[in-house]
Amino acid sequence: MTVIRLAIKSLANRWLTAALTVFAIAISVMLLLGIEKLRHSAKASFANTVSGVDLVVGARTGNIQLILNAVFQIGNPVANMSWKSFQAVSERKDVAWAVPILLGDSHRGHRVVGTSAEFFDRYRFRGERQLEFRNGNVFSKVFEVVIGAEVAERFDYAVGGKITLSHGTGPISTAEHDDMPFVISGVLERTGTPLDKSLFVSPAAIEAIHINWKDGLPIQGRSAPTQAVIETMADKLIPTSISAAFVGLTSPIQTFEVQRFVNRYRREALTAAMPALTLYEMWGLVGTAETALLLIAAMVVITSLVGMVTMILATLSERRRELAILRAMGAGPRTVLGLVLSESTILAALGVLLGVGATYIALYLVRPVIDRAYGLSLDVTAPTTTELMILGAIILGGALAGLVPAMRAYAMSLADGMNVRN
């Protein structure tokens with residue numbers, strides 16, 4: 001205890017350099033812990049992009065490609081699945097619900113998703129969070145559209161406004177459906193998923209805007225029916241094929257049985273992917289970037305500890321007389337070593353405590369901002385076992401780093417300390 005008191009008083013006497021050292025360690029701890037929290041939050045958000053969907057069914061392709069296209073709307077499907085196959089899957093007794101997904105159109109670079117109104121009741125994200133409307137309601141007519149939060153904010157759209165869709169998914173389209181404008185019926189709350197950048201219409205709407213179209217272009221010389229006429233024939237506008245389907249089962253136990261049924265479907269080559277499993281597989285593909293971030297944070301921590309060692313070494317020359325007097329008064333090698341080691345340990349521990357406190361304060365302050373802007377729910381729970389081990393390793397590293405100046409202090413002779421040259 002005497003050595004610790006001496007260490008505290010010694011640091012208090014050099015409070016400015018000690019404070020700067022603690023601050024540097026705290027910043028590095030804040031960076032490391034912040035990256036770790038952000039990594040876990042991003043991973044959880046990525047895995048929870050879609051929840052409550054047991055299977056995603058589409059034409060025969062790889063699981064990752066199917067999920068990327070149907071859930072994240074990245075790329076284009078290699079082929080469509082027929083409507084009859086969709087009905088065959090949805091009519092199984094172990095299938096509780098199934099909603100179609102039709103892709104291929106866009107609006108000013110944002111994907112248009114053709115789906116049923118049931119989609120908004122079934123889709124879940126971040127566990128059991130349900131889609132909510134900021135304004136308006138789900139579409140109830142053929143030429144009504146629901147838009148995501150980012151689309152509404154980017155183009156300043158509101159309920160009641162009119163928009164037109166484009167054929168194709170590129171940012172620039174040469175084929176416009178400007179003869180059939182849509183009325184915005186609802187705006188979704190931000191979810192932090194690709195839904196924020198999407199627009200939603202009914203499958204009948206997708207069929208309606210492609211009446212008298214062939215091979216991606218309108219048939220010359222043919223005019224489409226008016227929108228009023230199309231509304232009266234909405235029940236007959238059934239697509240012949242869809243891009244994919246989200247399927248929910250009566251029991252999770254049936255997942256593998258239904259998956260085998262789909263993968264072995266004889267009438268058409270289909271694929272059934274389990275979203276949760278595939279999403280974790282996809283996260284593994286970006287593990288390199290994740291590791292790189294952690295390595296950068298670890299290097300910052302090491303740099304701050306090296307700075308602490310440098311600070312202690314730099315002050316040893318000024319403390320030669322102090323250490324020599326301690327040895328002259330009977331302080332043994334253990335006391336000298338313990339003094340310097342205690343200082344480095346105290347600095348590291350204070351830096352860790354300050355860094356942890358600053359991290360949680362920052363998380364609480366920026367959490368609502370990040371949630372609104374990016375839909376990312378930051379994890380502000382107590383430190384995990386892994387995080388506690390990392391923090392303990394930093395303190396231990398600080399103590400071990402103090403061995404260098406401690407051995408240097410021990411090597412200083414009593415005569416050298418009593419005869420310091422000016």
Side-chain angles (χ1 to χ4, degrees), residues 44-58 63 66-73 77 80-81 83 85-103 111-134 136-141 144-149 185-206 238-239 241-259 261-262 270-279 375 377:
S45 179
F46 183 80
N48 290 329
T49 298
V50 56
S51 305
V53 176
D54 296 305
L55 291 172
V56 176
V57 180
N63 290 347
L66 178 60
I67 295 297
L68 282 175
N69 180 242
V71 177
F72 292 92
Q73 300 166 23
N80 285 349
M81 66 180 291
W83 184 261
S85 296
F86 168 70
Q87 287 181 312
V89 174
S90 61
E91 289 172 359
R92 284 179 59 93
K93 293 182 179 180
D94 44 14
V95 173
W97 57 269
V99 294
I101 301 295
L102 292 87
L103 303 171
R111 293 287 186 104
V112 173
V113 181
T115 188
S116 62
E118 188 179 7
F119 173 87
F120 300 94
D121 295 325
R122 300 297 186 180
Y123 193 95
R124 297 289 187 277
F125 64 101
R126 293 191 198 170
E128 291 300 319
R129 289 191 60 177
Q130 190 173 359
L131 295 178
E132 297 179 357
F133 282 83
R134 180 181 300 176
N137 296 287
V138 66
F139 48 74
S140 59
K141 298 180 180 180
E144 288 185 341
V145 58
V146 172
I147 62 176
S185 66
V187 179
L188 292 173
E189 287 284 5
R190 185 173 287 276
T191 64
T193 70
L195 272 60
D196 295 338
K197 303 178 181 180
S198 306
L199 299 89
F200 304 88
V201 297
S202 66
I206 298 295
I238 300 174
S241 64
I242 61 176
S243 303
F246 290 170
V247 178
L249 306 179
T250 56
S251 172
I253 300 175
Q254 307 296 329
T255 301
F256 292 104
E257 182 177 345
V258 177
Q259 187 180 38
F261 166 79
V262 173
L270 300 176
T271 296
M274 290 184 285
L277 185 62
T278 306
L279 287 172
S377 179

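Sequence positions, counted from 1, serve as the residue numbers for this chain. Quick note: numbers below take in every heavy atom, side chains included, and nothing from hydrogens, waters or symmetry partners.
From Phe256, atom CZ reaches atom CG of Asp54 across 11.0 Å, with rounding to the nearest 0.5 Å. Here CD of Gln130 is found 7.5 Å from CD of Glu132. Values are rounded to the nearest 0.5 Å. To the nearest 0.5 Å, the span separating CD1 on Ile238 from CZ on Phe86 amounts to 11.0 Å. Here Ile242 contributes atom CD1 and Ile206 contributes atom CD1; the two are 12.0 Å apart, rounded to the nearest 0.5 Å. Separation of atoms CD1 (Ile147) and CG (Leu188) is listed at 8.5 Å; rounding is to 0.5 Å. Distance check: Leu249 CG to Asp94 CG gives 6.5 Å after rounding to the nearest 0.5 Å.
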Quick one: do Val71 and Thr49 satisfy side chain to side chain contact (heavy atoms under 4.5 Å, CB included)? Show the steps, please. CA-CA 8 Å; Val71 177; Thr49 298; 3.9 Å; yes

Let's go through Thr255 and Gln259 carefully: what are the C-alpha distance in whole Å and the side-chain angles of both, what is the deciding distance for side-chain hydrogen bond (donor to acceptor under 3.5 Å, both in side chains) to 0.1 Å, and is it a yes or a no? CA-CA 6 Å; Thr255 301; Gln259 187 180 38; over 6 Å; no

Determine, step by step, whether Glu257 and Arg92 satisfy the side chain to side chain contact (heavy atoms under 4.5 Å, CB included) criterion, reporting the C-alpha distance in whole Å, the side-chain angles of both residues, the deciding distance to 0.1 Å, and the verdict. CA-CA 11 Å; Glu257 182 177 345; Arg92 284 179 59 93; 3.9 Å; yes

Could you walk me through whether Phe200 and Phe119 satisfy the ring pair (Phe, Tyr, Trp, His ring centres under 6.0 Å) test, starting with their C-alpha distance in whole Å, then the side-chain angles of each, then the deciding distance to 0.1 Å, before giving a yes or no? CA-CA 10 Å; Phe200 304 88; Phe119 173 87; 5.6 Å; yes

Between Val187 and Val146, does the side chain to side chain contact (heavy atoms under 4.5 Å, CB included) criterion hold? Intermediate values first, please. CA-CA 6 Å; Val187 179; Val146 172; over 6 Å; no

Under the side-chain hydrogen bond (donor to acceptor under 3.5 Å, both in side chains) criterion, do Gln73 and Ser198 qualify, and how do the steps go? CA-CA 9 Å; Gln73 300 166 23; Ser198 306; 2.8 Å; yes

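Between Pro100 and Trp83, the closest heavy-atom pair is CB-CZ3, 4.0 Å. Among all heavy-atom pairs drawn from Thr193 and Phe125, the shortest one is CG2-CB, 4.2 Å. Nearest approach of Val112 to Leu103, heavy atoms of both residues: O-CD2, 3.9 Å. A pairwise comparison of heavy atoms in Arg124 and Gly52 identifies CB-N, 4.5 Å as the closest pair. Closest approach of Gln87 to Ser90, counting heavy atoms only: O-OG, 3.1 Å. Nearest approach of Ser140 to Glu144, heavy atoms of both residues: N-OE1, 2.8 Å.
Looking at Lys197 and Arg111, their side chains never come closer than 4.5 Å, going by heavy atoms from C-beta outward. Annotation: side chain of Thr115 is not in contact with side chain of Pro203 (no heavy-atom distance under 4.5 Å). The shortest distance between side-chain heavy atoms of Val53 and Val247 does not fall below 4.5 Å. Using a 4.5 Å heavy-atom threshold, the side chains of Val258 and Leu55 count as touching.
Judged purely by distance below 3.5 Å, without hydrogens or angles, the side chains of Asp196 and Thr191 pair a donor atom with an acceptor atom. For the residue pair Gln254/Thr250, the side-chain donor-acceptor check at 3.5 Å is not satisfied.
Under a 3.5 Å cut-off, the side chain of Ser185 and the backbone N or O of Asn137 do form a donor-acceptor pair.
Taking the six-membered ring where tryptophan is involved, the planes of Phe246 and Tyr123 are tilted, since the angle between them lies from 30° to 60°. Phe120 and Phe133 have tilted rings, their planes meeting at an angle from 30° to 60° on a 0 to 90° scale.
Under the side-chain contact (heavy atoms from CB on, under 4.5 Å) test applied with Val56, the options Val50, Asn69, Ile67 reduce to a single match, Ile67.
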